[in-house]
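We number each residue from 1, following the sequence as shown.
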Amino acid sequence: MSTRKDKFSKKDKTYMKLALSLASSRQGLTGVNPSVGCVIVKNNEIISIGQTNYEGRPHAEYNAIKNSNVNLEGSKMYVTLEPCNHYGKTPPCTNLIIKNKIKKVFYSVDDIDKKVKGKSFKILKSENIIVKKGLLKKDVSNFYSSYFFNRKNKLPFVTGKIATSKNNLIYSAKTKRITDKYSDVFTHFLRFKNDSIMISYKTLNKDNPKLNCRLEGLKKFSPKRIILDNNLNTKTNSYIFKTADKNNTIIFYNKANKKKITLFKKKGVQLIKSNLTKIKYFDLKLVLKKLYKIGIRNILIEGGNNLSGSFLKNKLLNQFYLFKSPKILNKSAPYKDFNNVKYLIHNYRIKSKINNKLTKDTITLYKN
């Protein structure tokens, strides 16, 4: 294994940037598996590309190899994450690389999965394949931050999001929309990029939200709806209940009568019984652990002040988007302010402005 720092050419970087773009386009859509991008080059020309399939299989390397109609002998492969080397539901990608006599493999970062980490390097080297890693390492490591967090902590990666007026109101009875339509587009993009979205039953009953992605052509990628409802008080005439089935709706509850439980199960809602804390709130860490076990990896919290505040206080948010409108809302009407949890966001070490020239709103991303 070489310990020297290999210099990568501009072309190497270009090919890996393309692989990263391929991975990025499937982020949040590959189930429990990470989204990976792969580019195969021969005689300085791209001959094939591949990315992880929706729901996680087949892998990017498999797709790139199968997509090629050119003999791959002597080619170079650029892949964002270390290729897999173990048998699962599909054969190891290292076997395919060896079988097709690919000459060089560039991958950016080691997989955190113990079944894979560092082993593929040795396997490929033992077959006289030139292997180089570390290309665009910083960019690719940042891209896989949620996947690394998932595997390390056995928890979903959690993103918070809340919109507030210039005078820190998150609700005013006389104002239906705080932010503008361009911020709404970004909100729907966040829904597209997360496999699930969480709110409380109070928000559901008050707003009757749809919680889907309404970007053109992407509605089928709407997130799974997760509702926290300790006594199953979700309104049965709500949009969420009416459109519920076993694949799109999960409700956490603590106690409910048999009639309600039967009604919700008959509708197809996945019910998960969970404990409450001493102050009669759900144990959010336990909720996240249960969600991880059933395959949830990326959650968007759109639950307003109380739910967002609880996640912040328990330090369970990995990142938080604050949408700040230039509007000043009326306090004379029934209203809710954001000040009681605003200070918690500033405990985050990194913050950055989201560049969106279309909107007049300010969108700030806070990272843990």
Side-chain angles (χ1 to χ4, degrees), residues 1-28 30 33-53 56 58-68 70 72-86 92-152 367:
M1 176 177 171
S2 175
T3 57
R4 69 181 178 84
K5 288 186 177 180
D6 293 297
K7 291 183 178 180
F8 300 108
S9 70
K10 286 184 178 180
K11 285 187 176 181
D12 290 333
K13 292 176 182 178
T14 298
Y15 299 139
M16 189 60 82
K17 283 179 181 178
L18 174 56
L20 181 55
S21 293
L22 290 166
S24 298
S25 69
R26 293 275 170 91
Q27 188 179 28
T30 56
N33 287 341
S35 180
V36 176
C38 181
V39 175
I40 301 177
V41 176
K42 188 172 183 179
N43 298 325
N44 292 318
E45 290 186 0
I46 295 172
I47 57 173
S48 188
I49 61 173
Q51 54 196 148
T52 309
N53 265 34
H59 294 175
E61 301 93 319
Y62 173 94
N63 286 330
I65 289 170
K66 294 300 179 184
N67 288 342
S68 175
V70 176
L72 298 179
E73 184 173 358
S75 64
K76 295 186 288 187
M77 174 181 282
Y78 295 81
V79 61
T80 50
L81 190 67
E82 181 179 6
C84 73
N85 53 55
H86 60 91
C93 290
T94 48
N95 284 14
L96 281 173
I97 293 168
I98 294 164
K99 182 180 178 181
N100 285 274
K101 299 181 180 180
I102 292 171
K103 184 180 180 180
K104 289 185 180 181
V105 174
F106 295 77
Y107 70 86
S108 188
V109 292
D110 288 332
D111 198 334
I112 197 171
D113 189 336
K114 291 180 181 179
K115 292 180 289 186
V116 180
K117 189 176 182 180
K119 295 176 183 177
S120 297
F121 190 101
K122 295 177 182 178
I123 290 169
L124 295 173
K125 291 281 282 186
S126 70
E127 296 290 333
N128 296 317
I129 294 171
I130 298 169
V131 187
K132 294 185 178 183
K133 59 181 179 177
L135 178 55
L136 297 188
K137 184 177 181 179
K138 185 178 179 180
D139 291 341
V140 177
S141 294
N142 183 59
F143 171 74
Y144 285 118
S145 59
S146 59
Y147 168 65
F148 292 156
F149 177 85
N150 291 157
R151 286 301 178 98
K152 183 178 179 181
K367 285 190 175 182

Quiz prompt | Within 45° cone of Tyr15 ring axis and under 6.0 Å: Lys76 NZ or CZ | solution =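 Relative to the ring axis of Tyr15, which defines the angle, Lys76 lies outside at least one limit.
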
Practice problem: Hey, could you give me each pair passing salt bridge (Lys or Arg N to Asp or Glu O under 4.0 Å) that has a residue in residues 142-152? Not counting sequence neighbours. | Solution: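 Pairs touching residues 142-152 that pass the test: Asp113-Arg151.
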
Output yes when a side-chain donor or acceptor of [X] lies under 3.5 Å from a complementary backbone atom of [Y], and no otherwise.
X      : Y      : answer
Ser35  : Ala23  : yes
Ser141 : Lys138 : no
Ser48  : Ala64  : yes
Asp110 : Lys117 : no
Asn33  : Gly56  : yes
Asn85  : Pro92  : no
Glu82  : Gly118 : yes

Self-check item: Exceeds 12 heavy-atom contacts within 6.0 angstrom, atom OH of Tyr62
Solution: no

Minimum-distance pair of heavy atoms, taken over all atoms of [X] and [Y]:
X      : Y      : answer
Val116 : Pro83  : CG1-O, 3.5 Å
Ile97  : Met77  : CD1-SD, 3.8 Å
Lys132 : Phe8   : CB-CE2, 4.0 Å
Cys84  : Ser120 : C-OG, 4.0 Å
Ile49  : Asn67  : O-ND2, 3.0 Å

Quiz prompt | Trace of the side chain to side chain contact (heavy atoms under 4.5 Å, CB included) decision for Ile40 with Val70 | solution = CA-CA 10 Å; Ile40 301 177; Val70 176; over 6 Å; no

I want to check something: taking the side chain as every heavy atom from C-beta on, are [X] and [Y] in contact at a cut-off of under 4.5 Å?
X      : Y      : value
Phe121 : Val105 : no
His59  : Val36  : no
Leu18  : Ile46  : yes
Asn150 : Ile112 : no

Exercise. Any chance you could lay out the side chain to side chain contact (heavy atoms under 4.5 Å, CB included) test for Val109 and Phe148, step after step, and finish with the verdict?
Key: CA-CA 11 Å; Val109 292; Phe148 292 156; 4.1 Å; yes

How far does [atom1] of [X] sit from [atom2] of [Y], to the nearest 0.5 angstrom?
X      : Y      : atom1 : atom2 : answer
Lys13  : Lys10  : NZ    : NZ    : 8.5 Å
Asn53  : Gln51  : CG    : CD    : 8.0 Å
Ser126 : Ile98  : OG    : CD1   : 6.0 Å
Leu96  : Ile102 : CG    : CD1   : 8.5 Å

Self-check item: Reference residue Leu135; test side chain to side chain contact (heavy atoms under 4.5 Å, CB included); the match among Val79, Thr80, Asp12
Solution: Asp12

Quiz item: Is it the case that Asp111 and Tyr144 place a side-chain donor and acceptor less than 3.5 Å from each other?
Solution: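 No donor-acceptor contact under 3.5 Å links the two side chains.
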
